[in-house]
Amino acid sequence: MSGTGMVAGEERNGLARRWKLVAFLGLVWAGAYYAGYGVAQADAATWRFWAADLNLLPWLGGMVLLRLYLARYDRYRAQGGDAHLWSTGQVVSFVSGLLLALALWESPLNGFVGRSMTLYTVKLMGEFEFAAPLIVLGIPFQLIDSVRLKGPWWSVLRVLHRPIVTTVALAIILALWGMTDQMALGLHNVLVFGLLPAIYLGLGMIVWMQSLRALPAFPNLQNHLRKGLYVWAMEFAMMVMGTIWFWSAMKGMNPSIGTPLLWGMTRVTDMHIAGAVMTGLSLPTMCLVSWHFWQWVSGVVGVSESEEYGDYS
C-alpha cells in the first residue's frame, strides 16, 4: 500500500472513531434529555417527546461546526500560523460559548422552563448575554479575507449587520415576547420554542460583532460614542422589560404552563424573580457599554489636552 493510501486510511479510521464517539455522546445526551422531562414531570407523551420535543438539529449543527472549527485551527497551527492571531484562549472561548448555547437551546432544561418564567428568562438571556460574546470572541476575524465575503449567506449577514436592522429586530422580538400570549406561544408551539433561542443568539452575536468592528468590510459604527449608545439602546429595552416584570403585581403576565411551579413559588413571585434576573444578566453588555464610553471619554480628554498644552513627544 502506498504512503498516500495509508494516510488516507488512517484519516478515515480516525474520522470514523470520532463520529462513533459523537454518536455515543449524542445517545447519552438524548437519554438525559428524556430523563429531564421525566424528572420535571412535563406534560409530554413519550412519542411526542421523540417526535417533536427532541430537536436534534441544533446539536447536530453545533457538533459539525465544532468539528470544522477545530480542524481549521489544527491546520492553521500545523502550517505555522501566528498564535496571536488565533490563540488557545480563542479556542476555549468558542468551544465554551458553543456548548453553553447548545445547553441553553436544547437540553434537559427544556423540561422545566414551562414551570418557571425565571428559567425561561435564563434560557433566552443566557444566549444573548453569555453564549454570543464567547462565540464571537473565539472567532479569528483577523484571518477572514474580506474580499471573499460574497454569496447569499454573506449578503444576508451584511444586511443584518446594519445597526438599525438589528435594533428594530430586537425591539420587535422583545415587544412580542413581552406580551403574555406571545410568551405562552413560545412555550406551546414547538417551532417558536426552538427558534427563539436561535434568534437571541444570532442577535447577540451581531451586536458584539458590530461593537467590536469584527468585520471591517461590513456596515459599522465608526466611533466609541455611537457604539456605546447603540449597545446601550439594545440593552435598555431588556432592562425596561425586566423592570416591568419586577414591579408588576399581575399573575396573568406569567405564561408558565406547569402546575405547580418550580420551588413552590407563586406566579407573581416567579415573575418578579424573572424580572430581576433579566436585569441582572444584562451585566456583560452593560460592561461593554461602559468600556465604549470610557474609550470615548479618554479620546476626548486626550485631544483636549493636546490642543491646550501641545504635544511635545
Discussion item. Let me confirm one number: the CD-CG distance from E129 to L201, rounded to the nearest 0.5 Å.
Written reply: 12.0 Å
Worksheet item: Could you give the distance from CE (M278) to OG1 (T121), rounded to the nearest 0.5 Å?
Response: 6.5 Å
Worksheet item: Between the side chains of Y73 and R77, is a donor N or O closer than 3.5 angstrom to an acceptor N or O?
Response: yes
Worksheet item: Does a donor on one side chain and an acceptor on the other come within less than 3.5 Å for T166 and H161?
Response: no
Practice prompt. Give, for atom CG of L70 and atom CZ of F94, the distance between the pair rounded to the nearest 0.5 Å.
Written response: 8.0 Å
Item to complete: Give the C-alpha distance, both sets of side-chain angles, the deciding distance and a yes or no for side-chain contact (heavy atoms from CB on, under 4.5 Å) between D82 and Y76.
Response: CA-CA 8 Å; D82 189 350; Y76 174 76; 3.8 Å; yes
Worksheet item: Less than 4.5 Å apart, any side-chain heavy atom of F130 and any of L281?
Response: yes
Discussion item. Please determine whether residues L57 and L98 belong to a single hydrophobic cluster, defined as Ile, Leu, Val, Met, Phe, Trp and Tyr linked transitively by side-chain heavy-atom distances below 4.5 Å.
Written reply: no
Discussion item. How long is the straight-line distance from CE of M205 back to CG of L203, given to the nearest 0.5 Å?
Written reply: 11.0 Å
Worksheet item: Would a hydrophobic clustering, with Ile, Leu, Val, Met, Phe, Trp and Tyr connected at side-chain separations under 4.5 Å, put V92 with L212?
Response: no
Worksheet entry | Pairwise distance OG(S116) to CD1(I273) - rounded to 0.5 angstrom | 8.0 Å
Worksheet item: Would you say the side-chain atoms of S93 pair up with the backbone N or O of L137, donor to acceptor, closer than 3.5 Å?
Response: no
Worksheet item: Does T167 reach the main-chain N or O of P163 with its side chain, forming a donor-acceptor pair under 3.5 Å?
Response: yes
Fill in: Under 3.5 Å donor-acceptor, K123 side chain and P197 backbone
no
Discussion item. Give me the atom names and distance for the closest heavy-atom approach of V207 to F128.
Written reply: CG2-CZ, 4.1 Å
Fill in: Check: Y200 side chain, L195 main-chain N or O, donor-acceptor pair, under 3.5 Å
no
Item to complete: Evaluate the side-chain contact (heavy atoms from CB on, under 4.5 Å) criterion for residues V136 and F141: first the C-alpha distance (whole Å), next the side-chain angles of each, then the deciding distance (0.1 Å), finally the verdict.
Response: CA-CA 9 Å; V136 170; F141 288 102; 4.0 Å; yes
Discussion item. Let's go through F218 and L157 carefully: what are the C-alpha distance in whole Å and the side-chain angles of both, what is the deciding distance for side-chain contact (heavy atoms from CB on, under 4.5 Å) to 0.1 Å, and is it a yes or a no?
Written reply: CA-CA 9 Å; F218 277 36; L157 183 58; 3.7 Å; yes
Worksheet item: Checking W232 side chain against M286 main chain: does a donor-acceptor pair fall under 3.5 Å?
Response: no
Discussion item. Measuring centre to centre across the rings, with the benzene-like ring taken for any Trp, is Y69 within less than 6.0 Å of W86?
Written reply: yes
Discussion item. With rounding to the nearest 0.5 angstrom, report the CD to CG distance, Q210 to L160.
Written reply: 12.0 Å
Fill in: Check against side-chain contact (heavy atoms from CB on, under 4.5 Å), L225 and H292
CA-CA 7 Å; L225 177 60; H292 277 306; over 6 Å; no
Worksheet item: Side chains of W296 and R226: does their closest heavy-atom pair fall under 4.5 Å?
Response: no
Worksheet item: Do the side chain of W208 and the main chain of A132 share a donor and acceptor less than 3.5 angstrom apart?
Response: no
Practice prompt. Please report the shortest heavy-atom distance between I139 and I135, naming the atom on each side.
Written response: CG1-O, 3.2 Å
Worksheet item: Quick one: does L102's side chain get under 4.5 Å of M63's, heavy atoms only?
Response: yes
Discussion item. Measuring centre to centre across the rings, with the benzene-like ring taken for any Trp, is W291 within less than 6.0 Å of H224?
Written reply: yes
